[in-house]
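Here's the structure we're looking at; comments come further down.
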Amino acid sequence: MKLASLLFIAALLLWCCCLPAGAALLEVTVKGTVATLSPGTNTITIDHPQQYGCSYPGSAAPVCTYKPMNVETLTGTAPDNAAFSVFKPGDTVVATSLGGAGGTWITLAKLYGSRPNEENVTALVGDPEKIPTPLVAGYVLDITMAPNCSVCTGLVCTVESTEIKVLSNGMLVQQNVLLPGQNLNYNGRDDGSRVEVFFRNGEMSAGFCGPTSGTGPQPISVFNITVVPPVGFGQTNIRTATTTRPDEALTSPSPAMYETSSAPIPSSTPVAPLPTTKSGLPPLAAVGALGLVGLAMVMRRK
């Protein structure tokens, strides 16, 4: 009996070791007001931050909101130098940081709208997949990236090109394939609105190029996105957006900000956005660890 138990524990340990590795860095999304910008140190400070999170009350729809944090300010490095020309003190922003609250901003998005539940994004610097708030004026970006499998480091590979589809109120209005350093412009609605997308660089999971092992940070991409609302666009034209989870944006009444996928071009199968927070321990590994603890307790009792 003792030998069987030991063999079972050994098999369980081997099973846990063979589990796929995952990204280990936490992502935190906050909302607040730009306090200071310091180009010399490449940092941006956000005042009175509120952290984004969702609760899941049984079978009911999830409730997502921002709640005040117990800090007055958060400071992090900018995802791109363009942030210092896009944002100014006093701007309301949504920002996502990597590795905890503050420290490294991977996305900064400027909000438009005077009421909290009617704010949409008019400018973004960083990775659009990391922000739960949609673009203003019914615009949506469908982003499909293609990896360069010959340029990989750790668990990420460099993006070779990205296909951008611009949707206006659900209709495809423009489509371009961009290389790093290229941009897209759309202004065909005849209402004074326009969309500008600059693709700085991108990363994808190395899993799209073949089997992977090990641990490391998740892939991060950098875009500069600007959306100019229509002339006379007022408060009554903005739809409720801030109570929608990122992975529900495509089916909610609110316009989604983006759809993303990481399949090679020309595929455009959308992939659900990543959750706001991540754990470095895969769920199956956690189950295995709990199983080992339980077995150890049983063996001690015997």
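The structure displayed is predicted, hence computed values, not measured ones.
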Original post:
With sequence neighbours excluded, what pairs up with S168 under the side-chain hydrogen bond (donor to acceptor under 3.5 Å, both in side chains) test?
Top reply: R189
Original post:
Is there any disulfide bond (SG atoms under 2.5 Å apart) pair reaching into residues 195-225, and which pairs are they, with sequence neighbours excluded?
Top reply: C149-C209
**OP:** Scan residues 212-232 for pairs that pass salt bridge (charged side-chain N to carboxylate O under 4.0 Å, His left out), counting only residues two or more places apart or in two chains.
**Re:** none
Subject >> Under the side-chain hydrogen bond (donor to acceptor under 3.5 Å, both in side chains) test, residues paired with T36 that sit two or more places apart >> reply: T45
Original post:
Distance-only, no hydrogens or angles: does the Q218 side chain make a donor-acceptor pair with backbone N or O of L25 under 3.5 Å?
Top reply: yes
Subject >> Residues forming a side chain to side chain contact (heavy atoms under 4.5 Å, CB included) with S150, sequence neighbours excluded >> reply: N148
Original post:
For T41, what residues pass the side-chain hydrogen bond (donor to acceptor under 3.5 Å, both in side chains) criterion, not counting sequence neighbours?
Top reply: T43
Original post:
By side-chain hydrogen bond (donor to acceptor under 3.5 Å, both in side chains), which residues pair with T226, not counting sequence neighbours?
Top reply: none
Show which side-chain atoms of residues 176-187 pair as donor or acceptor with protein atoms under 3.5 Å away, not counting sequence neighbours.
from : atom 1 : to   : atom 2 : distance (Å)
N176 : OD1    : Q174 : NE2    : 3.2
Q182 : OE1    : L179 : N      : 2.9

Subject >> Polar side-chain atom of D127 near backbone of S221 as donor-acceptor pair, under 3.5 Å >> reply: yes
**OP:** List in chain and number order the residues that pass salt bridge (charged side-chain N to carboxylate O under 4.0 Å, His left out) with D47, two or more places apart in sequence or in another chain; answer none if no residue qualifies.
**Re:** none
Under 3.5 Å donor-acceptor pairs involving side-chain atoms of residues 79-91, not counting sequence neighbours:
from : atom 1 : to   : atom 2 : distance (Å)
D80  : OD1    : R200 : NE     : 3.0
D80  : OD2    : A82  : N      : 3.1
D80  : OD2    : R200 : NH2    : 3.2
S85  : OG     : A82  : O      : 2.9
K88  : NZ     : D91  : OD1    : 3.0
D91  : OD2    : K88  : N      : 2.8

**OP:** First locate atom CH2 of W105, then atom CG of L74, and finally report the distance between them rounded to the nearest 0.5 Å.
**Re:** 5.0 Å
